[in-house]
Trainee: 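Following this message is one structure expressed as structure tokens.
Given the structure is predicted, the values throughout are model-derived calculations rather than measurements. By convention in this document, chain letters (A, B, ...) are assigned in the order of the sequence lines, proteins followed by strands, and residues within each chain are numbered from 1.
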Protein chains: 2
Amino acid sequence: MQNGFDHASTNEIVKEAQISKGSLFNYFNNKKDLYVYLFEYSVQIIEQLYEQIDLNETDLFERLENIGIQKLYIHKKYPHVFDFLATSMQEESTEVKEFIKGKVEAIYDRGTKIIYQDIDYSKFREGLDIEKAIEILNWTMFGFGDKAIQQISSFENIGEFGEQYLKEWKSYAEILKFSFYK
Amino acid sequence: MQNGFDHASTNEIVKEAQISKGSLFNYFNNKKDLYVYLFEYSVQIIEQLYEQIDLNETDLFERLENIGIQKLYIHKKYPHVFDFLATSMQEESTEVKEFIKGKVEAIYDRGTKIIYQDIDYSKFREGLDIEKAIEILNWTMFGFGDKAIQQISSFENIGEFGEQYLKEWKSYAEILKFSFYK
DNA sequence: AGTATGTTGACCAATGTGGTCATTAGTGCT
DNA sequence: AGCACTAATGACCACATTGGTCAACATACT
């Protein structure tokens, strides 16, 4: 995730993971296999997130709020999954480029499709460019998410953090609702 | 910028830069000197940006709009300056870590101090949490900036792009003003 | 004790590392 | 053209790191 495929040496990996070189190559035939495994693992985690989305919730803010919390919990459990996929998208190494090609984009596309499915857009005020409004909402959610992740390590109790996170987010959401909703 | 100090090999650098190894080490004593030069060069570019800020403009949206355009032009001229400093902040290499230490943060702090100097906050509606509003504004500016940068390469004429960029940004700004201003 | 499974790190050939320097190419001047 | 000077080159160096192997060891269970 930090260095990309070519510059991620197995020596560094085993040192960081505190396992021996032999053990790594006992479980994986080669470096590429390890990468592929990690990639597919990350994909699977994100697919799980998609499946947990409640499509009966038609309010956009509520929907995104739920996803945000899920994401937070996933990030606590698997801290590098999202970053790994994000960086894999701009992987330069010829050895894995072919394998990745288009896969991440496809997942993101599927994600946005699900996330915005069956949303009740009649709640938005007239004269508003809804697409742009959603972009703004997305950007502030990402921004807020990043901010939260930086603070997450200072909290022991994830549940407690989740509550405070939710409460704080609601005040940001309120500001945007003021402009977005009727 | 892509690999960090340790994993940025001089071989790769000269290949990418299309110069010979000898030429690189004719102008720089060693790899660290090159890094330090690049760092200070980037800092200088950003300082220039700060100096161009018009402090007589007290409207926050106008102020940020001007800075956004300046940033866009800088990005066109020096495409990696901002990314270089952003990644240098999380540089792990012991060889340059000490040199960077705190410098980037200091520059960012100075930046935010200047950017929000003498802003007329009386324009904001009552009951609004101004700090949070500014965060939202920042996040959407970053988001919009990223989006613009991805499109910038497809434009030949930077001036033309700047105009379209500005026009599009104004419609985002309008949505936020609806919530922020009286 | 014996077997099966998991883990280790010294070791390997191959490649890559930051850096050097004698040689060559290019430029400007007379 | 000839000369002087600067700038660019890439083969070369000693050494470090690379992905990957494998015989030896540790542990757990019957």
Trainee: Asp6(B) has an atom CG; how far is it from atom P of dG16(C), in whole Å?
Mentor: 18 Å
Trainee: Taking only side-chain nitrogens and oxygens of Asn11(B), does any of them come within less than 4.0 Å of OP1 or OP2 of dT17(C)?
Mentor: yes
Trainee: Atom CG of Asn26(A) and atom P of dA4(C): how far apart are they, to the nearest Å?
Mentor: 17 Å
Trainee: Whole-Å distance between dC22(D) P and Leu24(A) CG?
Mentor: 16 Å
Trainee: Pick out which of Phe39(B), Tyr37(B), Phe5(B) makes a ring pair (Phe, Tyr, Trp, His ring centres under 6.0 Å) with Phe99(B).
Mentor: Phe39(B)
Trainee: Is Ser9(B) close enough to dT17(C) that one of its side-chain N or O atoms is under 4.0 Å from OP1 or OP2 there?
Mentor: yes
Trainee: Kindly indicate whether the side chain of Leu60(B), heavy atoms from C-beta on, has any atom under 4.5 Å from the side chain of Ile134(B).
Mentor: yes
Trainee: Give a yes-or-no answer on whether the side chains of Tyr165(B) and Gln151(B) include a donor-acceptor pair shorter than 3.5 Å.
Mentor: no
Trainee: Report yes if at least one side-chain N or O of Tyr27(B) is closer than 4.0 Å to OP1 or OP2 of dA7(D); otherwise report no.
Mentor: no
Trainee: Quick one: Asp33(B) CG to dT20(C) P, roughly how many Å, whole number?
Mentor: 11 Å
Trainee: If you look at every strand shown and take non-hydrogen atoms under 4.0 Å, does Asn30(B) touch a base, only sugar-phosphate, or nothing?
Mentor: sugar-phosphate
Trainee: Give a yes or no on whether a donor-acceptor pair under 3.5 Å exists between the nucleobase atoms of dG20(D), that is its base, and the side chain of Lys21(A).
Mentor: yes
Trainee: OP1 or OP2 of dA7(D) versus the side-chain N and O atoms of Ser23(B): is any pair under 4.0 Å?
Mentor: no
Trainee: Both His7(B) and Ser20(B) contact DNA chain D. Which one's nearest nucleotide lies toward the 5' end?
Mentor: Ser20(B)
Trainee: Do Glu92(A) and His7(A) have side-chain atoms, one donor and one acceptor, less than 3.5 Å apart?
Mentor: no
Trainee: To the nearest angstrom, how far is Phe25(B) atom CZ from dA22(C) atom P?
Mentor: 17 Å
Trainee: Without decimals, in angstroms, what is the distance between Gln18(A) CD and dT7(C) P?
Mentor: 14 Å
